[in-house]
Amino acid sequence: MKNIEGFLNKYVIYILMLLCLLFGLISLVFRNATLDDDLYLWETSIMTEALSRGEWIGDYAVGTHGFLFKLPVAIVFLLTGPSLKIATVWNILLACLCLYFFYLILKSYFKKSSIALSGTFLLLTSFQFVLHIPTYMREIPVLLSVLIFIYLLK
């Protein structure tokens with residue numbers, strides 16, 4: 001029993017992150033881009049164009065929905081070209097990071113792995129989280145920003 005408990009304490013968070021990644025990648029097949037997805041992708045494409053010309057991105061209207069989390073995607077777009085699937089994969093990876101930081105926060109406050117894992121599982125299965133994993137919108141990056149802020153305050 002101790003071996004199972006030790007395994008769970010060490011690796012279940014990574015299993016939850018892997019489930020989130022797999023769910024996100026599988027849901028790419030069924031996704032439907034919304035107007036916000038297109039706007040966010042368009043702003044990222046503008047950033048890519050500016051970066052490819054060596055121009056400062058601040059001269060363009062790319063900050064409507066923030067630019068910090070779009071910047072890595074814009075850099076990847078320099079190599080691959082604009083693609084909503086690539087941008088959505090970035091959002092899926094950020095969702096996995098959200099789970100990890102949420103787990104760390106819960107573990108530091110409650111001092112028990114089982115409570116932290118239960119809370120992380122609740123986040124993973126919440127309707128809004130599941131709804132926004134396979135999108136390229138700002139909800140997951142904003143959640144990650146808040147979680148990192150809370151983590152650094154603890």
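Computed from a prediction, not measured in an experiment: that's the story for all the values here.
Atom NZ of Lys112 sits about 12.5 Å away from atom NZ of Lys107, to the nearest 0.5 Å. To the nearest 0.5 Å, atom CD1 of residue Ile46 and atom CG of residue Leu51 are 12.0 Å apart. Within the model, atoms OG of Ser45 and OH of Tyr40 stand 12.5 Å from one another, a figure rounded to the nearest 0.5 Å. To the nearest 0.5 Å, the span separating CZ on Phe121 from OH on Tyr103 amounts to 15.5 Å. One finds the CG atom of Leu144 at 11.0 Å from the SG atom of Cys96 (value rounded to the nearest 0.5 Å). The CD1 atom of Ile133 sits 9.0 Å away from atom CG of Asn91, with the distance rounded to the nearest 0.5 Å.
When all heavy atoms are compared, the tightest approach of Thr120 to Leu106 is N-CD1, 3.9 Å. For Ala95 against Phe129, the heavy-atom pair with the smallest separation is O-CZ, 3.6 Å. Residues Ile13 and Leu117 approach most closely at N-CD2, 3.8 Å, considering heavy atoms. Taking each heavy atom of Ser118 and Ser114 in turn, the nearest pair found is OG-O, 2.8 Å.
Contact check for Ser52 versus Phe77: no side-chain heavy atoms found under the 4.5 Å cut-off. When side chains are defined from C-beta on, Phe23 does not count as touching Leu124, because their heavy atoms never get closer than 4.5 Å. Side-chain contact between Phe69 and Ser145 is present, with heavy atoms from C-beta onward closer than 4.5 Å. The shortest distance between side-chain heavy atoms of Leu28 and Ile92 falls below 4.5 Å. For the pair Met17 and Tyr100, the minimum side-chain heavy-atom distance is below 4.5 Å. Trp42 is not listed as a side-chain neighbour of Pro82, based on a closest heavy-atom distance of 4.5 Å or more.
When atom types are taken as modelled, the side chain of Thr88 and the backbone of Pro134 share no donor-acceptor pair closer than 3.5 angstrom.
Leu93 and Met137 end up in different hydrophobic clusters when Ile, Leu, Val, Met, Phe, Trp and Tyr side chains are linked at under 4.5 Å. Cluster annotation: Ile140 and Leu122 are assigned to distinct hydrophobic clusters (Ile/Leu/Val/Met/Phe/Trp/Tyr, side-chain heavy-atom contacts under 4.5 Å, transitive). The cluster map of Ile, Leu, Val, Met, Phe, Trp and Tyr, joined by side-chain heavy atoms under 4.5 Å apart, puts Leu94 and Leu19 in the same cluster. Hydrophobic clustering, with ILVMFWY side chains joined whenever heavy atoms are under 4.5 angstrom apart, groups Val146 together with Phe102. One hydrophobic cluster, built from ILVMFWY side chains closer than 4.5 Å, cannot hold both Leu131 and Trp90; they sit in different ones.
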When you look at Glu43 and Lys70, which way does the side chain to side chain contact (heavy atoms under 4.5 Å, CB included) test go after all the steps? CA-CA 8 Å; Glu43 291 176 356; Lys70 288 186 272 186; 2.3 Å; yes
Does Leu25 form a side chain to side chain contact (heavy atoms under 4.5 Å, CB included) with Val89? I'd like the steps, not just the answer. CA-CA 7 Å; Leu25 293 176; Val89 169; 4.0 Å; yes
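Using modelled atom types and a 3.5 Å distance limit, the side chains of Thr44 and Tyr136 yield a donor-acceptor pair.
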